[in-house]
Structures are given as structure tokens and as C-alpha cells.
Number of protein chains: 2
Amino acid sequence: MYTIKEVAKIMDVSEHTLRFWAKNGLFPEIKRDQNNVRLFNDNDLEWVKIVKCLRKVGTDNKSIKRYIDLCLVGDSTLKERYQIILDTKEKALNQMEDLKNQLEVLDYKQAFYENLIKNNLSDPWNPANKIQQAKEMAL
Amino acid sequence: MYTIKEVAKIMDVSEHTLRFWAKNGLFPEIKRDQNNVRLFNDNDLEWVKIVKCLRKVGTDNKSIKRYIDLCLVGDSTLKERYQIILDTKEKALNQMEDLKNQLEVLDYKQAFYENLIKNNLSDPWNPANKIQQAKEMAL
DNA sequence: TCTTGACTGATAGCTACTCTCAAGTCGTAA
DNA sequence: TTACGACTTGAGAGTAGCTATCAGTCAAGA
């Protein structure tokens, strides 16, 4: 059994966020002790894990709740849940692709700056420099 | 020269977001025609590209504005800007790593569901089933 | 007994959009 | 000439998902 603080540490999710998720029904009911303090068990940790996973790939909380609710309905929703996982995987792969593209932009920028710094050049992008260049061309 | 609508299409960023970014100083001043309509040139498109890139890897707008402002200052900020690009690259790589981890979680889930569906089994996670299992064990 | 620390829910605030709206401009068709 | 439709503008309201603050409860230790 874990307190919310321990779960926050183990799962690397803030206590605030865990309470927010709990309040919004993103976990099945979590047990409380006699003082109303939440006590997470290992199974609850698995729920946190899947919610965290779905959030990380950008699933909105409404859709996550829907998935959780399907889980609680029982076996009749197995195929629908399976499909959600497949769709989520595709989303994650698209995001990887997107990140790769952004990395290319950053690689280009890096090379651009390295060239300027190494050769002690001026930034041809800078509007101020543009004016300067225009002046030079006009001479 | 491109209207905001064209830029939105070319860069795959909504007109709303472009106006929002512009209002918050995430682009250098953009030219307007006699009717106050924004006219983006190819250089502006490059600004949109870098802002989009920074946002995609989770940079907050304040930090993006700071980067843009550094760009406008001129060559004295080249090294600082270079460092921002390097830091951003690292952030992007961390995110890739994170996504890979989440994909593993999803792969596991996929296998889990495939097993249940193929073998026509009950979800051992379902709280309702847990009760059932407990009952069966009690028999 | 008092203090410290952990927890609680309610609520306020924040970021980054996202949407709606009234108003202005343009080209074309009746 | 006027009406229309498609486009733009800024202002401002609304939203998602946290994030932070707060007052209050409780148990354990000095």
C-alpha cells in the first residue's frame, strides 16, 4: 500500500495531478484508510501507469476516462479496448515521426550557428543585418 | 507573399494560433497591406517554422519569445542562441526516449489483449472479475 | 500539550490555445 | 448601385489540464 506521496515519487507524477486524475474518474475507486487517506495498491499503480502513458501520447482526459470505463464494464469491451490501444500506438508512432522532423530542423539550426560562430560571421537572418546588407549592396 | 490562411495551410498551424503567436511577439514584425492584412514573406515562414518546432518539443511561449528576441538583438547573442538549440535538441531526444518507453507499455497492452481475445479469456484486471475469481477460489 | 508533517477537498490561477463575434474590405453579380 | 460572399481584423469569452494556495483534519513525537 502506498500513500499518494509515494505514488507520486514512484510514478513521477505530481500529487496534484494524481488527485486531479482521481477526481476526474481516471482511476477506478481507490481505497481509503479510516482517515480518508488514499491507499494505492500495486494494481492501482498499473492504472496510474496506463493513464500516464495515454496522457504522454496526448490522449485527452475524456478519452482516457472512456477507456477506463470500458475496462470496468468487463469482457464485452475487450475488442474496443484493444482497438484503442492500437490507435494510441499509431498516434505515438506519428509523434515519433514528428519529433524526428523537428530534430532535423534543430540539426539544421545547429549547423547554421556552428558555421557562423566558427567563421565569425554575421547572422544573415537578422533584420538589422539585412538592412546593413542592403546598404552594402547599394554602395 | 502569403495571407495568414495560406501560411496556416502551408505550415499546418491554425490561423488562430498564428494570430496568437503574432500577438505574443513570437514573430518579428510582420508586414501589412493597406487594409491592415498581414502579408507573410518566405523569411516569415522560417520564423513560423522555428516557433512551431520549439512548441512541438514543449518549449513554453515565454522561452520562445526570449529566443526570438535574442535573434533580433544581433550577433552578440549567437552563442546563447546556439546553446538554446542544443538544449532543445536534448529535450527532443529525451522526449523520443520517453515516447519509446510509452510504446513499450502499449506493446505490452496489445499483447495482453491479443492473448485474451484469441483464447477467449476473461480480463484478470477487471475488478468485477476479481470478485468472481475470489469466489471461485473460495469454492 | 504543542508542534510538525502528511493528508484532505475546494477553489483560484495559469498557459496555450480555440472559438465566437462584430466590423471592415474586396470582387463580382444582379 | 447595391447586395452577396469570402476574406480579413482585434477583442474577448471559453476550454483543457494542470498547478498552486488554502483552511481544515488527523496522528505521532518532543
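Chain letters run A, B, ... following the sequence lines, proteins first, then strands; residues in each count from 1.
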- Length of the line joining B/Ile30:CD1 and D/dT8:P, which is rounded to integer Å: 14 Å

- Query: Would you say a side-chain N or O of A/Trp21 is under 4.0 Å from OP1 or OP2 of D/dG17?
  - Reply: no

- Task: Report the distance from atom CZ of A/Arg32 to atom C1' of D/dA27, rounded to the nearest whole Å.
- Result: 18 Å

- Query: Quick one: A/Ile4 CD1 to C/dG5 C1', roughly how many Å, whole number?
  - Reply: 16 Å

- Taking only the side-chain nitrogens and oxygens of B/Arg19, find out if one of them lies under 4.0 Å from OP1 or OP2 of C/dT20. no

- Query: On DNA chain C, nearest-nucleotide positions of B/Lys62 versus A/Arg38: which is more 5'?
  - Reply: A/Arg38

- Query: Expressed in angstrom and rounded to an integer, what is the separation of B/Asn36 atom CG from C/dT25 atom C1'?
  - Reply: 11 Å

- Check whether more than 12 heavy atoms from other residues, nucleotides or ligands sit under 6.0 Å from atom CZ of A/Arg19, and answer yes or no. yes

- May I ask you to check whether A/Gln83 and A/Asp87 show a side-chain donor-acceptor distance below 3.5 Å? yes

- Task: Measure the distance from CZ on A/Phe20 to P on D/dA20 and round it to the nearest whole Å.
- Result: 14 Å

- From the list B/Thr59, B/Asn61, B/Asp60, side-chain hydrogen bond (donor to acceptor under 3.5 Å, both in side chains) partner of B/Ser63 resolves to B/Asp60

- Item | Check: B/Asn41 side chain, B/Asn43 main-chain N or O, donor-acceptor pair, under 3.5 Å | yes

- Query: Within less than 4.0 Å of OP1 or OP2 of C/dA6, is there a side-chain N or O belonging to A/Thr3?
  - Reply: no

- Message: Side-chain N or O of A/Asn61 versus OP1/OP2 of D/dC18: is the shortest distance under 4.0 Å?
- Response: yes

- Message: What is the separation between atom CG on B/Asn24 and atom C1' on D/dA11, rounded to the nearest whole Å?
- Response: 14 Å

- Query: Taking only N and O in the side chain of B/Ser14, is any of them less than 4.0 Å away from OP1 or OP2 of C/dC17?
  - Reply: no

- Task: Rounded off to whole Å, could you give me the NZ-to-P distance for the B/Lys9 and D/dT8 pair?
- Result: 12 Å

- Task: Whole angstrom is fine here: how far is it from NZ in A/Lys52 over to P in D/dC18?
- Result: 12 Å

- Query: Taking the side chain of A/Glu15 as heavy atoms from C-beta outward, which of D/dT8, C/dC7, C/dA16 is closest to it?
  - Reply: C/dC7

